[in-house]
Amino acid sequence: MAGTYARSTEVLVIGGGPGGYMAAIRAGQLGRKVLLVEKRELGGECLNRGCIPSKALIHASLLYQAVRTEGPEVGVTASDPKFELATAMRWKEEVVAKERQGVTTLLKSAGVTVLPGTARFTGARSADLTAPDGGHERIDFAAAVIATGASHTTLPGFETDGERVVNAWEVLSMKSLPRSMLVLGGGVSGCELGEFLARVGVEVTIVELLPQLLPGMESDLSRELTGTLERLGVHVRVGTKALALRRDPERLAMTVEGPNGREELSAERLFVTVGKRPESRDLGLEEAGVVTDPKTGFITVDAQLRTSQAHIFAVGDVARPPMLAHKSYREGIVAAEAIAGLPTRFDFQAMPSVVFTVPELATVGLTKAEAETRGYRAREARFPYAALGRAHASHATQGWVKVVGDDATGLLLGVHAAGEDVGDFIAEAAHAVEMGSTVRDLAATIHPHPTFSEALEEAALLWLGEPMHVARRRTDAGGR
Ligand SMILES: Cc1cc2nc3c(=O)[nH]c(=O)nc-3n(C[C@H](O)[C@H](O)[C@H](O)COP(=O)(O)OP(=O)(O)OC[C@H]3O[C@@H](n4cnc5c(N)ncnc54)[C@H](O)[C@@H]3O)c2cc1C
């Protein structure tokens, strides 16, 4: 026995982020006795250091930009608008605190006991809890859910120091804005936060090793974003490798090698965002008999999120990619339902993903290239926002919606979009893909006017060769 105290529970949940708190709430709703252990704050990365605080700051920066650039054109003027970081941070903290209180209340109403501290398995049915005061408690459990998330990785020589060389969590709580910032890594966080910084006046350079920003995303989407970033004044260096970092007293100097050869980039601060690693270390997984992938560190799970020990589950970022909060949510629910003996499984078919930049980018299902490699006769059609009344009325004509369908069957395979509000209406596309809809089903669905979601219907019509708000070309397919 690890200490003075001992408890037992039906379900032990380790980690109170989106995966863990959803698993705990669902297991509680299903009548299980649940104990959730969290070593930092309830809500995990997403609520405290990820999705919510980043979107709060991005929102503040968009308001600032709108007042300065778009406002005068539409009759809104303000004398000398300013972006006050301290106020924006305070507001962001208020949002986070409110949301965190919401999670606390939800867990309580589901009957979940929350314990602060760090949990570690000591066997297949027991764990040790180290409380914040250093005390220990033994917890015996019938089932467990591991939802410990992921941590940021760095590159040798580019280690973060929390002040001048920072990770995404630290960018979200900066005390002051630097004059210039190098961003090492052009993935989602690099682009979202890099654009945020540029919008509020920081000189930003994004360095990405691969040939495009947002590697892994459709090149059309990446191109759309790259154009906006460059118009905003961001220096985008793709196909560029960071070789070394020199930390001079006044400035940071980063040696890079890219299409222009070897050069030195300098800035006041560096934001390193090169990837994340599942938090599967120091959990006592060996003692519990839980297997991880030796290369990636992800905990190996099946379609019900069961690990190599059938009564221990792993969900969210620690289990497998994509590292997205909504994937964690769903996996948490599935794990809890599997524990309760319900017939359940996690279906990866339609996993939407959104990048909160300008334009907003959203994607679900297969791209044309992916569909072709799976043997579909894939064809795509792209409807421009510039042909949408609402886009003009909202001063947001940049963007498009692209529909990918199978020519042989008319099946809707994927939707990829850039522009205002796409992150919201991609959910409709996800539903359509999930339900096995045809492109005709999407085209036949009446969309309210004037909304950005009409672009989805119009892109489907265009795919069918029946465009209504753009001229029909001779080459458009017809009459499906
Ligand atoms: C800047 C940024 C922006 C993001 N924006 C988005 C977005 O817009 N949309 C989106 O879908 N995703 C976004 N993400 C990703 C999202 O935050 C994660 O995918 C999500 O939080 C994963 O949820 P999780 O429950 O698996 O893990 P986490 O949220 O990481 O939660 C894990 C929890 O486990 C706790 N823990 C770890 N080990 C132990 C232990 N031994 N004992 C007790 N507790 C432990 C941790 O303290 C943590 O609270 C963003 C991430 C970042 C960094």
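Remember, it's 1-based here, ligands and their atoms both numbered in the order they're listed.
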Trainee: I'd like to know if the side chain of Gln212 and the backbone of Met217 have a donor-acceptor N/O pair within less than 3.5 Å.
Mentor: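 Flag set: sc Gln212 to bb Met217 pair under 3.5 Å.
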Trainee: Do ligand 1 and Phe356 have nitrogen or oxygen atoms that lie under 3.5 Å from each other?
Mentor: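 In fact, backbone or side chain, Phe356 has no N or O that close.
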Trainee: Heavy atoms only: which of Ile14, Leu129, Asn167 is nearest to atom 40 (C) of ligand 1?
Mentor: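 Checking each option, the heavy atom nearest atom 40 (C) of ligand 1 is found in Ile14.
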Trainee: Does an N or O anywhere in His152 fall below 3.5 Å from an N or O of ligand 1?
Mentor: no
Trainee: May I have all residue pairs that pass salt bridge (charged side-chain N to carboxylate O under 4.0 Å, His left out) and include part of residues 178-192, sequence neighbours excluded?
Mentor: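 For residues 178-192, and leaving out neighbouring residues, the salt bridge (charged side-chain N to carboxylate O under 4.0 Å, His left out) pairs sorted by first residue read Lys55-Glu192, Arg179-Glu268.
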Trainee: Do Glu279 and Ser151 meet the criterion of a side-chain donor-acceptor pair at a distance under 3.5 Å?
Mentor: yes
Trainee: Among protein heavy atoms, which sits nearest to atom 5 (N) of ligand 1, and what does the distance come to when rounded to 0.1 Å?
Mentor: Lys55 NZ, 3.1 Å
Trainee: Are Gly117 and ligand 1 in contact, using a heavy-atom cut-off of under 4.0 Å?
Mentor: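 Yes.
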Trainee: If I apply the N/O under 3.5 Å rule, does Ala168 come out as touching ligand 1?
Mentor: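 No, there is no polar N/O contact under 3.5 Å.
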Trainee: If you measure from each non-hydrogen atom of Glu279 to ligand 1, which part falls under 4.0 Å: side chain, backbone, both or neither?
Mentor: neither
Trainee: Strictly distance-based, threshold 3.5 Å: is any side-chain N or O of Ser308 a donor or acceptor partner for the main-chain N or O of Val291?
Mentor: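 Confirmed, Ser308 side chain pairs with Val291 backbone.
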Trainee: Relative to atom 16 (C) of ligand 1, which among Glu38, Arg281, Arg120, Glu45 owns the nearest non-hydrogen atom?
Mentor: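 Nearest option to atom 16 (C) of ligand 1, by heavy atoms: Glu45.
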Trainee: Any idea which protein heavy atom is nearest atom 9 (N) of ligand 1, and the distance to it?
Mentor: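 Result: Cys51 SG, 3.8 Å.
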Trainee: Got the closest protein heavy atom to atom 38 (N) of ligand 1, with its distance?
Mentor: Thr148 CG2, 3.3 Å
Trainee: Quick one: nearest non-hydrogen protein atom to atom 11 (O) of ligand 1, plus distance?
Mentor: Ala325 N, 2.8 Å
Trainee: Do me a favour and list the nearest non-hydrogen protein atom to atom 3 (C) of ligand 1 with residue, atom name and distance?
Mentor: Gly50 C, 3.4 Å
Trainee: Between the candidates Val315, Asp317, Val171, Leu193, which shows the shortest non-hydrogen contact distance to atom 18 (C) of ligand 1?
Mentor: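 The option holding the nearest heavy atom is Asp317.
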